[in-house]
Novice: 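Handing you this structure, nothing more for now.
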Amino acid sequence: MDDAEVLKKRGYIMGINLGEGSYAKVKSAYSDRLKCNVAVKIIDKRKAPRDFLERFLPREIEMLARVKHPCIIKTYEIFETSDGKVYIVTELGVQGDLLEFIKKRGAIPEDVARKMFYQLANAIKYCHELDIVHRDLKCENLLLDKEYNIKLTDFGFSKRVARDEDGRVVLSKTFCGSAAYAAPEVLQGIPYQPKVYDIWSLGVVLFIMVCGSMPYDDSNIKKMLKLQKEHRVHFPRSKVLSVECKDLIYRMLQPDVSRRLCIDEVLMHDSGFL
Ligand SMILES: Nc1ncnc2c1ncn2[C@@H]1O[C@H](COP(=O)(O)OP(=O)(O)O)[C@@H](O)[C@H]1O
Ligand SMILES: [Mg+2]
(Lines give C-alpha, C1' and ligand atoms only; values in the text may rest on other atoms or scores of the structure.)
(Ligands and ions follow the chains in the order given, each with its own letter.)
Protein backbone atom coordinates (compact mmCIF):
# COMPACT_ATOMS: atom_id res chain seq x y z
CA MET A 1 0.00 0.00 0.00
CA ASP A 2 1.35 3.45 -0.80
CA ASP A 3 1.42 6.34 1.68
CA ALA A 4 -1.70 8.01 0.29
CA GLU A 5 -3.73 4.81 0.77
CA VAL A 6 -2.41 4.19 4.28
CA LEU A 7 -3.25 7.76 5.26
CA LYS A 8 -6.68 7.60 3.62
CA LYS A 9 -7.58 4.55 5.75
CA ARG A 10 -6.63 6.56 8.84
CA GLY A 11 -8.71 9.55 7.83
CA TYR A 12 -6.13 11.79 6.18
CA ILE A 13 -6.04 13.09 2.62
CA MET A 14 -2.42 13.34 1.58
CA GLY A 15 -1.19 16.65 0.17
CA ILE A 16 2.13 18.11 -0.94
CA ASN A 17 5.75 17.43 0.00
CA LEU A 18 6.97 19.59 2.88
CA GLY A 19 10.46 18.31 3.30
CA GLU A 20 12.84 15.43 3.14
CA GLY A 21 15.41 14.35 5.69
CA SER A 22 17.92 11.55 5.89
CA TYR A 23 15.43 8.76 6.58
CA ALA A 24 12.12 10.59 6.52
CA LYS A 25 9.87 12.46 4.18
CA VAL A 26 7.31 14.94 5.36
CA LYS A 27 3.94 15.49 3.68
CA SER A 28 1.02 17.74 4.36
CA ALA A 29 -2.39 16.14 4.80
CA TYR A 30 -5.95 17.08 5.64
CA SER A 31 -7.43 15.41 8.70
CA ASP A 32 -11.13 14.55 8.47
CA ARG A 33 -11.35 14.25 12.24
CA LEU A 34 -9.49 17.43 13.18
CA LYS A 35 -10.90 19.35 10.20
CA CYS A 36 -7.55 20.96 9.54
CA ASN A 37 -4.28 20.44 7.71
CA VAL A 38 -1.53 18.50 9.46
CA ALA A 39 2.01 17.32 8.69
CA VAL A 40 2.96 13.65 8.47
CA LYS A 41 6.57 12.56 8.90
CA ILE A 42 6.94 9.17 7.21
CA ILE A 43 9.87 6.97 8.14
CA ASP A 44 10.63 3.83 6.18
CA LYS A 45 12.31 1.55 8.71
CA ARG A 46 13.52 -0.77 5.96
CA LYS A 47 15.74 2.01 4.61
CA ALA A 48 17.18 3.17 7.93
CA PRO A 49 20.35 1.97 9.67
CA ARG A 50 20.27 -0.01 12.88
CA ASP A 51 21.42 2.66 15.36
CA PHE A 52 18.72 4.97 14.01
CA LEU A 53 16.06 2.30 14.53
CA GLU A 54 17.30 1.14 17.91
CA ARG A 55 18.33 4.41 19.53
CA PHE A 56 17.18 7.57 17.80
CA LEU A 57 13.73 6.73 16.45
CA PRO A 58 12.42 5.31 19.76
CA ARG A 59 13.70 8.40 21.55
CA GLU A 60 12.10 10.73 19.01
CA ILE A 61 8.76 8.97 19.51
CA GLU A 62 9.11 8.97 23.30
CA MET A 63 10.07 12.65 23.50
CA LEU A 64 7.30 13.76 21.14
CA ALA A 65 4.80 12.01 23.37
CA ARG A 66 6.26 13.67 26.44
CA VAL A 67 6.52 17.32 25.38
CA LYS A 68 3.56 19.68 25.51
CA HIS A 69 4.29 23.36 25.05
CA PRO A 70 2.83 26.18 22.92
CA CYS A 71 6.20 26.64 21.15
CA ILE A 72 6.74 22.95 20.41
CA ILE A 73 4.97 21.24 17.51
CA LYS A 74 2.00 19.24 18.77
CA THR A 75 1.88 15.51 17.98
CA TYR A 76 -1.59 14.15 17.16
CA GLU A 77 -0.85 10.46 16.61
CA ILE A 78 1.89 8.02 15.73
CA PHE A 79 1.24 4.69 14.01
CA GLU A 80 3.17 1.99 12.26
CA THR A 81 2.18 -0.29 9.40
CA SER A 82 2.99 -3.98 9.25
CA ASP A 83 5.46 -3.35 6.42
CA GLY A 84 7.61 -1.17 8.67
CA LYS A 85 6.62 2.41 8.01
CA VAL A 86 6.16 4.84 10.86
CA TYR A 87 3.79 7.80 10.47
CA ILE A 88 4.12 10.74 12.86
CA VAL A 89 1.16 13.10 12.52
CA THR A 90 1.77 16.59 13.88
CA GLU A 91 0.56 20.14 13.79
CA LEU A 92 1.45 21.87 10.52
CA GLY A 93 3.96 24.71 10.41
CA VAL A 94 1.90 26.64 7.88
CA GLN A 95 4.64 29.16 7.07
CA GLY A 96 7.35 26.52 6.65
CA ASP A 97 10.69 26.47 8.46
CA LEU A 98 12.88 29.35 9.60
CA LEU A 99 15.66 28.59 7.11
CA GLU A 100 13.32 28.96 4.12
CA PHE A 101 11.94 32.12 5.70
CA ILE A 102 15.38 33.73 6.10
CA LYS A 103 16.52 32.59 2.65
CA LYS A 104 13.48 34.27 1.13
CA ARG A 105 13.31 37.41 3.24
CA GLY A 106 16.85 37.89 4.55
CA ALA A 107 17.78 38.85 8.11
CA ILE A 108 14.91 39.32 10.54
CA PRO A 109 14.51 42.78 12.13
CA GLU A 110 15.68 42.68 15.73
CA ASP A 111 12.29 43.29 17.33
CA VAL A 112 10.74 40.39 15.39
CA ALA A 113 13.76 38.18 16.05
CA ARG A 114 13.48 38.99 19.76
CA LYS A 115 9.91 37.69 19.85
CA MET A 116 10.82 34.52 17.94
CA PHE A 117 13.93 33.85 19.97
CA TYR A 118 12.04 34.40 23.22
CA GLN A 119 9.57 31.71 22.16
CA LEU A 120 12.39 29.34 21.22
CA ALA A 121 14.23 29.98 24.50
CA ASN A 122 11.05 29.23 26.41
CA ALA A 123 10.61 25.95 24.54
CA ILE A 124 14.18 25.00 25.48
CA LYS A 125 13.69 26.06 29.09
CA TYR A 126 10.69 23.75 29.20
CA CYS A 127 12.69 20.84 27.73
CA HIS A 128 15.73 21.39 29.95
CA GLU A 129 13.53 21.52 33.05
CA LEU A 130 12.16 18.11 32.03
CA ASP A 131 15.77 16.97 31.57
CA ILE A 132 15.18 16.64 27.83
CA VAL A 133 17.91 17.87 25.46
CA HIS A 134 17.25 18.53 21.78
CA ARG A 135 20.79 18.35 20.31
CA ASP A 136 19.74 19.36 16.79
CA LEU A 137 18.67 22.97 17.13
CA LYS A 138 18.88 24.66 13.75
CA CYS A 139 16.76 26.88 11.53
CA GLU A 140 15.40 23.90 9.52
CA ASN A 141 13.96 22.47 12.72
CA LEU A 142 12.13 25.63 13.72
CA LEU A 143 8.73 25.89 12.08
CA LEU A 144 6.46 28.90 11.81
CA ASP A 145 2.70 28.89 12.29
CA LYS A 146 0.34 31.25 10.46
CA GLU A 147 1.21 34.13 12.81
CA TYR A 148 4.93 33.38 12.54
CA ASN A 149 5.16 31.92 16.02
CA ILE A 150 8.03 29.49 16.53
CA LYS A 151 7.24 25.78 16.80
CA LEU A 152 10.21 23.61 17.65
CA THR A 153 10.30 20.23 15.90
CA ASP A 154 12.52 17.27 14.96
CA PHE A 155 13.31 15.47 18.20
CA GLY A 156 15.37 12.94 16.23
CA PHE A 157 18.51 13.54 18.32
CA SER A 158 16.78 14.37 21.55
CA LYS A 159 16.96 12.31 24.71
CA ARG A 160 16.46 12.35 28.45
CA VAL A 161 19.74 13.30 30.06
CA ALA A 162 21.28 10.45 31.97
CA ARG A 163 22.24 11.10 35.61
CA ASP A 164 24.64 9.24 37.85
CA GLU A 165 23.77 8.02 41.38
CA ASP A 166 24.61 11.47 42.78
CA GLY A 167 22.22 13.13 40.35
CA ARG A 168 24.96 14.61 38.19
CA VAL A 169 24.41 14.76 34.45
CA VAL A 170 26.32 12.07 32.58
CA LEU A 171 28.23 13.53 29.64
CA SER A 172 27.07 12.64 26.11
CA LYS A 173 29.43 11.13 23.57
CA THR A 174 27.34 10.86 20.43
CA PHE A 175 27.97 13.46 17.75
CA CYS A 176 24.59 15.03 17.05
CA GLY A 177 23.33 17.84 14.91
CA SER A 178 25.13 19.52 12.04
CA ALA A 179 28.60 21.01 12.01
CA ALA A 180 27.42 24.58 11.40
CA TYR A 181 25.47 24.53 14.67
CA ALA A 182 27.80 22.29 16.65
CA ALA A 183 29.68 23.56 19.69
CA PRO A 184 33.49 23.31 19.70
CA GLU A 185 33.49 20.56 22.35
CA VAL A 186 31.16 18.49 20.16
CA LEU A 187 33.21 19.11 17.00
CA GLN A 188 36.29 17.95 18.87
CA GLY A 189 34.63 14.74 20.03
CA ILE A 190 34.99 15.66 23.70
CA PRO A 191 32.25 14.14 25.92
CA TYR A 192 29.88 17.05 26.42
CA GLN A 193 27.13 18.46 28.65
CA PRO A 194 24.11 18.13 26.36
CA LYS A 195 22.17 21.10 27.78
CA VAL A 196 25.23 23.32 27.39
CA TYR A 197 25.50 22.13 23.77
CA ASP A 198 21.90 23.23 23.07
CA ILE A 199 22.81 26.77 24.18
CA TRP A 200 25.62 27.00 21.63
CA SER A 201 23.19 26.06 18.87
CA LEU A 202 20.77 28.71 20.16
CA GLY A 203 23.59 31.24 19.75
CA VAL A 204 24.06 30.16 16.13
CA VAL A 205 20.30 30.39 15.51
CA LEU A 206 20.03 33.92 16.95
CA PHE A 207 23.05 35.02 14.90
CA ILE A 208 21.43 33.70 11.70
CA MET A 209 18.11 35.33 12.58
CA VAL A 210 19.53 38.83 12.94
CA CYS A 211 22.41 38.63 10.43
CA GLY A 212 20.86 36.46 7.70
CA SER A 213 24.17 34.60 7.40
CA MET A 214 26.10 31.89 9.26
CA PRO A 215 28.48 32.88 12.07
CA TYR A 216 31.18 30.43 10.91
CA ASP A 217 32.10 28.92 7.57
CA ASP A 218 31.65 25.17 8.07
CA SER A 219 33.42 24.26 4.82
CA ASN A 220 36.67 24.38 6.81
CA ILE A 221 36.09 22.78 10.20
CA LYS A 222 39.65 23.31 11.40
CA LYS A 223 39.51 27.04 10.74
CA MET A 224 36.02 27.22 12.17
CA LEU A 225 37.12 25.52 15.41
CA LYS A 226 40.06 27.90 15.75
CA LEU A 227 37.76 30.94 15.53
CA GLN A 228 35.31 29.37 17.96
CA LYS A 229 37.98 28.53 20.52
CA GLU A 230 39.35 32.08 20.34
CA HIS A 231 35.79 33.28 21.08
CA ARG A 232 35.76 35.36 17.92
CA VAL A 233 32.32 36.22 16.57
CA HIS A 234 32.32 38.36 13.48
CA PHE A 235 29.14 40.36 12.95
CA PRO A 236 28.67 41.63 9.37
CA ARG A 237 29.40 45.37 9.13
CA SER A 238 26.29 45.91 7.04
CA LYS A 239 23.99 44.94 9.93
CA VAL A 240 23.11 47.43 12.63
CA LEU A 241 22.54 45.39 15.76
CA SER A 242 21.99 46.45 19.34
CA VAL A 243 24.76 45.91 21.88
CA GLU A 244 22.34 43.75 23.91
CA CYS A 245 21.68 41.41 21.00
CA LYS A 246 25.35 41.00 20.12
CA ASP A 247 26.25 40.47 23.75
CA LEU A 248 23.67 37.70 24.16
CA ILE A 249 24.95 35.93 21.03
CA TYR A 250 28.53 36.32 22.20
CA ARG A 251 27.75 34.78 25.59
CA MET A 252 25.97 31.80 24.02
CA LEU A 253 28.87 31.26 21.60
CA GLN A 254 31.19 30.93 24.59
CA PRO A 255 33.77 28.16 23.99
CA ASP A 256 34.40 27.70 27.73
CA VAL A 257 31.54 25.40 28.73
CA SER A 258 31.73 26.45 32.36
CA ARG A 259 31.09 30.06 31.34
CA ARG A 260 28.47 29.54 28.65
CA LEU A 261 25.03 30.79 29.71
CA CYS A 262 22.42 28.29 30.83
CA ILE A 263 18.85 28.63 29.58
CA ASP A 264 17.67 30.57 32.66
CA GLU A 265 20.50 33.04 32.13
CA VAL A 266 19.58 33.39 28.46
CA LEU A 267 16.05 34.32 29.46
CA MET A 268 17.19 36.66 32.23
CA HIS A 269 20.10 38.04 30.27
CA ASP A 270 21.18 41.04 32.34
CA SER A 271 22.02 43.24 29.36
CA GLY A 272 18.33 43.05 28.50
CA PHE A 273 17.90 41.69 24.96
CA LEU A 274 14.97 39.52 25.94
N1 LIG B 1 5.02 19.99 10.97
C2 LIG B 1 5.63 20.49 9.89
N3 LIG B 1 5.09 21.52 9.21
C4 LIG B 1 5.72 22.03 8.12
N5 LIG B 1 6.89 21.60 7.64
C6 LIG B 1 7.49 20.57 8.28
C7 LIG B 1 6.89 19.96 9.42
N8 LIG B 1 7.70 18.98 9.86
C9 LIG B 1 8.76 18.97 9.03
N10 LIG B 1 8.64 19.92 8.07
C11 LIG B 1 9.62 20.20 7.00
O12 LIG B 1 10.33 19.00 6.71
C13 LIG B 1 11.72 19.12 7.04
C14 LIG B 1 12.23 17.79 7.61
O15 LIG B 1 11.51 17.45 8.78
P16 LIG B 1 12.26 16.94 10.10
O17 LIG B 1 11.27 16.53 11.11
O18 LIG B 1 13.23 18.00 10.52
O19 LIG B 1 13.00 15.65 9.52
P20 LIG B 1 14.51 15.14 9.64
O21 LIG B 1 14.58 14.39 10.92
O22 LIG B 1 14.68 14.27 8.46
O23 LIG B 1 15.40 16.38 9.62
C24 LIG B 1 11.78 20.31 8.01
O25 LIG B 1 13.06 20.95 7.97
C26 LIG B 1 10.65 21.20 7.49
O27 LIG B 1 11.10 21.98 6.39
MG1 LIG C 1 15.27 18.13 10.70
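Atoms within a ligand are numbered from 1 in the order they appear, just like the ligands themselves. Residue numbers start at 1 and run along the sequence shown.
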Novice: Output the list of atoms in ligand 1 that are nearer than 4.0 Å to some heavy atom of K41, sorted by atom number.
Specialist: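 Counting from 1, the qualifying ligand atoms are 16 (P), 17 (O), 19 (O), 20 (P), 21 (O).
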Novice: Is the closest N or O pair between E140 and ligand 1 shorter than 3.5 Å?
Specialist: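 Looking only at distances, the answer is yes, because the N/O contact criterion of under 3.5 Å is met.
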Novice: Please check if atom CZ in R33 has more than 12 non-hydrogen atoms from other residues, nucleotides or ligands closer than 6.0 Å.
Specialist: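 Not more than 12 within 6.0 Å, no.
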Novice: Suppose I only count heavy atoms of E100 and a 4.0 Å limit; which atoms of ligand 1 are within that range?
Specialist: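 Numbered from 1, ligand 1 contributes 27 (O).
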Novice: Does D154 bring an N, O or S atom to within less than 2.8 Å of the Mg ion (ligand 2)?
Specialist: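 D154 does place an N, O or S atom closer than 2.8 Å to the Mg ion (ligand 2).
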Novice: For atom 23 (O) of ligand 1, what's the nearest protein heavy atom and its distance?
Specialist: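 Going by distance alone, atom 23 (O) of ligand 1 is nearest to D154 OD2, 2.9 Å.
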Novice: Once the angle between the rings of Y197 and Y192 is folded into 0 to 90°, is it parallel (under 30°), tilted (30 to 60°) or perpendicular (over 60°)?
Specialist: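 Ring orientation, 0 to 90° scale: perpendicular.
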Novice: Determine, using the 4.5 Å side-chain heavy-atom cutoff (strictly less than), whether L92 and Y12 are members of one ILVMFWY cluster.
Specialist: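 Shared cluster, no.
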Novice: Where does N141 meet ligand 1, judged by heavy-atom distances below 4.0 Å: at the side chain, the backbone, both, or neither?
Specialist: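 The side chain, only.
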Novice: Please identify which of these residues, R260, Q193, Q228, meets the side chain to side chain donor-acceptor pair (under 3.5 Å) condition with E185.
Specialist: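 For E185, the side chain to side chain donor-acceptor pair (under 3.5 Å) check succeeds only for R260.
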Novice: Going by the side chain to side chain donor-acceptor pair (under 3.5 Å) test, name the single residue among K8, K25, K27 that passes it with D3.
Specialist: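 Exactly one option meets the side chain to side chain donor-acceptor pair (under 3.5 Å) with D3, and it is K25.
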Novice: When you measure from atom 15 (O) of ligand 1 to every protein heavy atom, which one gives the shortest distance, and what is it?
Specialist: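 Scanning the protein heavy atoms, the shortest distance from atom 15 (O) of ligand 1 goes to V26 CG2, 3.5 Å.
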Novice: List every atom of ligand 1 that sits less than 4.0 Å from any heavy atom of T90, numbering the atoms from 1 in the order shown and giving each element.
Specialist: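 Atoms satisfying the 4.0 Å criterion: 1 (N).
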Novice: Counting only heavy atoms not in R46 (residues, nucleotides, ligands), do more than 12 fall under 6.0 Å from its CZ?
Specialist: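 Yes, because the 6.0 Å sphere around CZ of R46 holds more than 12 heavy atoms from other groups.
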Novice: For K35, look at atom NZ and say whether over 12 heavy atoms of other residues, nucleotides or ligands are found less than 6.0 Å away.
Specialist: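 Atom NZ in K35 is packed in, count exceeds 12.
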Novice: Quick one: nearest non-hydrogen protein atom to atom 13 (C) of ligand 1, plus distance?
Specialist: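 Of every protein heavy atom, G19 CA, 4.0 Å lies nearest to atom 13 (C) of ligand 1.
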Novice: Would you say that P184 contacts W200 through its side chain, given a criterion of any heavy-atom pair below 4.5 Å between the two side chains?
Specialist: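 The answer is yes, as the side chains (C-beta and beyond) meet within the 4.5 Å cut-off.
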Novice: Aromatic rings F56 and F157: how do their planes relate, parallel, tilted or perpendicular, breaks at 30° and 60°?
Specialist: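 Perpendicular.
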Novice: What atoms of ligand 1 come closer than 4.0 angstrom to any heavy atom of S22?
Specialist: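 Answer, ordered by atom number: 22 (O).
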Novice: Quick one: which of L18, N17, L143, N37 has a heavy atom closest to atom 7 (C) of ligand 1?
Specialist: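 It is L143 that holds the nearest heavy atom.
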Novice: Give me the one residue out of R163, R160, K159 that meets side chain to side chain donor-acceptor pair (under 3.5 Å) with D131.
Specialist: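 Among R163, R160, K159, the one meeting side chain to side chain donor-acceptor pair (under 3.5 Å) with D131 is R163.
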Novice: Where is the nearest protein heavy atom to atom 3 (N) of ligand 1: which residue, which atom, and how far?
Specialist: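 Here the nearest protein heavy atom works out to G93 N, 2.8 Å.
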Novice: Is L274 close to E244 at the side-chain level, that is, under 4.5 Å between some pair of heavy atoms?
Specialist: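 No, their side chains stay 4.5 Å or more apart.
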Novice: Is there an N/O/S atom in T153 at a distance below 2.8 Å from the Mg ion (ligand 2)?
Specialist: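 Checking the Mg ion (ligand 2) against T153, no N, O or S atom falls under 2.8 Å.
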Novice: Run the numbers for me: atoms of ligand 1, each under 4.0 Å from some heavy atom of D97, listed by number.
Specialist: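 By the 4.0 Å cutoff, the relevant atoms are 25 (O), 26 (C), 27 (O).
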Novice: Only heavy atoms of G21, strictly under 4.0 Å: list the atoms of ligand 1 that pass.
Specialist: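 Answer for ligand 1: 22 (O).
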Novice: Below the 3.5 angstrom mark, is there an N/O of T153, backbone or side chain, next to an N/O of ligand 1?
Specialist: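 No, since none of the N or O atoms of T153 sits under 3.5 Å from an N or O of ligand 1.
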Novice: What part of K151 sits under 4.0 Å from ligand 1 if we count only heavy atoms: the side chain, the backbone, both or neither?
Specialist: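 No part of K151 comes within reach of ligand 1.
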Novice: Could you tell me if any non-hydrogen atom of E91 lies under 4.0 Å from any atom of ligand 1?
Specialist: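 A heavy atom of E91 does come that close to ligand 1.
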Novice: Do R135 and T174 get their side chains close enough for a donor-acceptor pair, meaning under 3.5 Å?
Specialist: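 Judged by distance alone, the side chains do not pair up.
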Novice: As an exercise, identify every atom of ligand 1 less than 4.0 angstrom from a heavy atom of A39.
Specialist: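 Here the atoms of ligand 1 in question are 1 (N), 2 (C), 3 (N).
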